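Step one of this worksheet: look at the structure below.
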There are 2 protein chains.
Amino acid sequence: MSLEAVAKKAGVSTATVSRVLNGLTVVKGSTRARVMKAVAELKYHPNLHARSLAGGRSRTVGVIVSNLDNPFFLDIYRAVESDCHAQGYEVVVANTAYTAEQLASSVRLMLGRRVAGLAVIVSEVDEEVVAELSEANIPVVFYDVGRAGKNITKIRVNYRKGVERIVEYLTSLGHSDFAFITHHAALGPLNERQNALYDSLKIASPKATVRVVVDSDSLDGGRQAARELLRSAPVPTAIMCVNDLMAVGVLKELRERRIRVPEDVSVTGFDNIKLSEFCHPALTTVHIPRDLIGHTLFHSLTPDASGSAAAGREYVIDPEFVVRDSTGPARSSDVFAR
Amino acid sequence: MSLEAVAKKAGVSTATVSRVLNGLTVVKGSTRARVMKAVAELKYHPNLHARSLAGGRSRTVGVIVSNLDNPFFLDIYRAVESDCHAQGYEVVVANTAYTAEQLASSVRLMLGRRVAGLAVIVSEVDEEVVAELSEANIPVVFYDVGRAGKNITKIRVNYRKGVERIVEYLTSLGHSDFAFITHHAALGPLNERQNALYDSLKIASPKATVRVVVDSDSLDGGRQAARELLRSAPVPTAIMCVNDLMAVGVLKELRERRIRVPEDVSVTGFDNIKLSEFCHPALTTVHIPRDLIGHTLFHSLTPDASGSAAAGREYVIDPEFVVRDSTGPARSSDVFAR
DNA sequence: GGCGACTCTGTAAACCCTTGCAGAATCGGC
DNA sequence: GCCGATTCTGCAAGGGTTTACAGAGTCGCC
């Protein structure tokens with residue numbers, strides 16, 4: 001079970017076994033073979049805790065996300081995971097459910113695990129956590145929140161650009177009566193999208209109106225929000241959703257009410273999750289390159305070939321507008337007038 | 001940073017600090033306060049590796065699943081996670097991508113982490129792994145594969161019953177020309193569904209035909225399979241999918257080809273993932289209670305109030321047939337005849 | 001055959017915590 | 001004020017690895 005048992009069986013010292021297992025020092029071929037044999041026979045698994053403890057490092061990176069149930073976050077996690085495994089790292093993931101408390105406890109957990117690096121992909125970061133992390137002395141990377149610093153990299157997406165493209169497109173189709181469906185309105189990154197919406201509209205269509213509805217970040221939340229929205233006339237001609245997941249919920253509710261998309265109402269999402277392509281009608285949305293984000297996250301956390309992690313940098317990633325079938329010209333007469 | 005630093009700062013021994021932090025022994029109020037203060041001031045995080053090493057236990061449970069990208073597995077994982085956190089356990093998850101190699105390496109990883117218990121929710125288990133796990137001397141629970149044993153619990157779902165219900169329903173609607181869309185045909189649990197299909201049909205509609213198409217377990221895989229299926233006439237009147245994820249892909253492809261569901265073709269899924277309710281048409285499927293599975297998994301891994309984990313048991317969970325809008329009477333004339 | 005230079009291996013300390021055991025402090029009761 | 005019981009605390013061993021350091025072999029060459 002332990003290194004010592006293997007050592008005894010192979011007739012060597014624990015140091016030698018350790019060296020064989022880690023393979024960074026040269027061990028004579030015959031010795032190595034004996035050790036390997038003993039390892040196999042004993043079905044020995046090194047105790048990872050002891051290893052991390054003794055080694056000081058851990059070859060594990062931590063990932064903290066807001067909502068694993070949203071495929072957007074899952075995709076990022078999976079991208080990081082894939083890079084990690086390719087490089088022999090493990091990943092541990094934690095979910096905050098958009099709460100600051102769970103973020104704080106997840107951070108503590110990760111620090112307790114002595115992760116080699118930590119990716120924080122949440123919307124609810126607070127100053128205290130940032131401070132704690134910058135003192136932690138491990139590479140940290142924030143997505144969307146916080147700011148670059150000593151050992152802190154930051155990655156953000158130019159949401160504004162994505163929103164602008166949507167607004168341009170929709171206004172060019174004659175829309176001026178908007179709804180914005182979002183979740184947890186207080187959160188920074190979402191505010192950015194909302195503010196970008198106002199700003200863009202101010203230019204593209206100054207007299208446009210926007211009704212905002214807030215619900216939870218889920219299919220049901222989107223549906224619920226649509227229901228709320230439709231409770232009071234007039235029905236907007238375009239519904240922009242803060243993300244695809246909620247948009248798909250919206251589509252469902254509209255369909256149940258026999259409101260046609262895009263003939264009666266246009267709907268847009270954000271993220272371009274796989275689902276947006278498979279729902280009906282396929283969703284007009286903004287693609288956020290989760291793969292690229294994942295790779296960048298991983299890169300920011302691990303010392304690369306050149307030896308040092310490029311901490312302190314700030315990356316900005318551009319999204320990409322994707323037109324599909326959920327958007328069309330604004331309806332001319334209000335078929336929903338009561 | 002270390003226990004010792006805290007101890008020094010608080011003017012006590014490391015043992016006392018440890019006791020304060022773990023709270024299982026009584027420590028005098030004033031001492032406790034001093035220690036807590038020191039902990040706070042130093043922003044001390046216990047080193048979890050050292051803790052697990054010293055304590056011998058780890059309060060971490062491992063979960064291994066086949067395909068995290070399928071919401072079915074994600075839901076189970078999340079259910080386990082939620083129970084774990086409620087009881088102060090951590091969870092670590094690994095994905096096998098349906099390969100035996102990744103399963104083996106995940107198992108080794110988990111064993112190396114000295115997890116307190118391990119849930120194996122995969123389709124590709126082999127004997128060697130089972131043997132290794134039963135020697136590991138920690139509670140293990142298999143979902144769908146393996147068999148109960150010394151410290152091994154097994155949970156399985158009565159798929160057969162679900163398939164029977166689908167078949168009964170479809171044949172009663174006049175269907176006799178079937179397709180079965182599945183993935184990785186060699187895997188046990190999926191075979192069970194497929195065999196159940198044959199068996200049920202033998203009774204319900206002996207002259208019925210079944211065409212089988214295999215593709216990957218994903219939205220794209222479902223779509224691809226549908227494409228493959230439609231390549232050769234005649235188009236079946238009912239397409240049964242091995243799970244909802246693939247079924248949603250099938251729906252997409254059918255829609256693109258203007259094949260109406262359920263008027264022209266009926267489609268069924270399996271699992272009842274959230275998405276099956278939000279796609280269009282909403283999917284007729286078989287509900288598999290992931291929450292219940294998750295709770296049962298957790299229960300099987302952790303010593304309950306009575307002190308001992310109920311290992312060696314075998315649980316069978318019944319699925320539930322859910323009729324929605326993707327199924328209807330078989331079309332009478334073959335509108336697709338060429 | 002002896003010497004130096006390598007190559008390989010062992011010894012032992014360190015990593016940070018938990019916990020059994022025993023000693024110290026405190027308390028109640030007389 | 002003393003004693004025993006009780007509560008609290010410290011000592012030190014151990015848990016399974018890594019790794020610096022030094023020692024033991026091996027080899028080639030003069």
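Every chain is numbered from 1, with letters handed out A, B, ... down the list of sequences. All figures in this text were calculated on a predicted structure; none of them were measured in a lab.
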request  = Determine which pairs satisfy ring pair (Phe, Tyr, Trp, His ring centres under 6.0 Å) with at least one residue from residues 46-72 of chain B, sequence neighbours left out, and list them in order.
outcome  = A:His49-B:His49
query = Sequence neighbours excluded, which residues qualify as side chain to side chain contact (heavy atoms under 4.5 Å, CB included) partners of B:Leu48?
reply = A:Leu109, A:Arg113
task = Kindly write out the residues that satisfy ring-ring contact (aromatic ring centres under 6.0 Å, His included) with A:Tyr98, not counting sequence neighbours, or none if the list is empty.
result = A:His183, A:His184
Enumerate the protein-to-nucleotides 4-7 of chain C contacts in which both atoms are nitrogen or oxygen and the separation is below 3.5 Å.
none

ask   = Below 4.5 Å, heavy atoms only, C-beta onward: do B:His85 and B:Glu90 meet side chain to side chain?
value = yes
message = What residues from residues 36-55 of chain B pass a heavy-atom cutoff of under 4.0 Å to DNA chain D?
response = B:Ala50, B:Leu53, B:Ala54
inquiry  = Counting only heavy atoms and a strict 4.0 angstrom limit, can you tell me which residues of residues 110-117 of chain B come near DNA chain C?
reply    = none
message = For B:Asn70, run the side-chain hydrogen bond (donor to acceptor under 3.5 Å, both in side chains) check against B:Asp217, B:Asp75, B:Asp271 and tell me which one passes.
response = B:Asp217
ask   = Got a sec, which pairs hit salt bridge (charged side-chain N to carboxylate O under 4.0 Å, His left out) with one end in residues 52-74 of chain B, sequence neighbours left out?
value = A:Arg78-B:Asp69
request  = Considering just the side-chain nitrogens and oxygens of A:Thr16, establish if one lies under 4.0 Å of OP1 or OP2 belonging to C:dG10.
outcome  = yes
task = Would you please name every residue forming a side chain to side chain contact (heavy atoms under 4.5 Å, CB included) with B:Ser216, sequence neighbours left out?
result = B:Ser218
Pairs of donor and acceptor atoms involving the side chains of residues 30-42 of chain A, under 3.5 Å and at least two apart or interchain, shall be tabulated with distances.
| residue | atom | partner | partner atom | Å |
| --- | --- | --- | --- | --- |
| A:Arg34 | NE | A:Ala10 | O | 3.0 |
| A:Arg34 | NH2 | A:Ala10 | O | 3.3 |
| A:Glu41 | OE1 | A:Lys9 | NZ | 3.3 |

ask   = Heavy atoms, side chains only, cut-off 4.5 Å: are B:Glu124 and B:Ser66 in contact?
value = yes
query = Under 4.0 Å: is that the gap between some side-chain N or O of A:Ser2 and OP1 or OP2 of D:dG16?
reply = no
inquiry  = Could you check whether any side-chain N or O of A:Thr99 sits under 3.5 Å from a backbone N or O of A:Ala97, counting only pairs where one atom can act as donor and the other as acceptor?
reply    = no
ask   = At what distance, to the nearest 0.5 angstrom, does CD1 of B:Ile64 lie from CG of B:Leu103?
value = 5.5 Å
query = Is the count of non-hydrogen atoms from other residues, nucleotides or ligands lying under 6.0 Å from A:Glu314 atom CD greater than 12?
reply = yes
request  = Choose from D:dG16, D:dT18, D:dC11 the nucleotide whose nearest atom is closest to any side-chain atom of A:Arg57.
outcome  = D:dT18
key: Reported OG-to-CD1 distance for the pair B:Ser300 and B:Ile152, which is rounded to 0.5 angstrom   = 12.0 Å
task = Indicate, with a heavy-atom threshold strictly under 4.0 Å, whether A:Ser18 touches base, sugar-phosphate, or nothing.
result = base
Only pairs under 3.5 Å count here: list side-chain donor-acceptor contacts from residues 130-143 of chain B, not counting sequence neighbours, and write none if there are none.
| residue | atom | partner | partner atom | Å |
| --- | --- | --- | --- | --- |
| B:Glu132 | OE2 | A:His45 | NE2 | 3.2 |
| B:Ser134 | OG | B:Val130 | O | 3.3 |
| B:Ser134 | OG | B:Ala131 | O | 3.0 |
| B:Tyr143 | OH | B:Tyr159 | OH | 3.0 |

Under 4.0 angstrom between B:Thr14 side-chain N/O and C:dC17 OP1 or OP2 = no
key: Bend angle of the helix from C:dG1-D:dC30 to C:dC30-D:dG1, from helix axes over five pairs at each end, nearest 10°   = 40°
ask   = Which distance, rounded to the nearest 0.5 Å, do you find between the CD1 of B:Ile76 and the CD1 of B:Ile293?
value = 4.5 Å
Of the listed nucleotides C:dA12, C:dC8, D:dG10, the one nearest the side chain of A:Thr31 = C:dC8
message = Walk along nucleotides 20-25 of chain D from 5' to 3' and tag each nucleotide B, S or - by protein heavy-atom contact under 4.0 Å, base first, then sugar-phosphate.
response = B-----
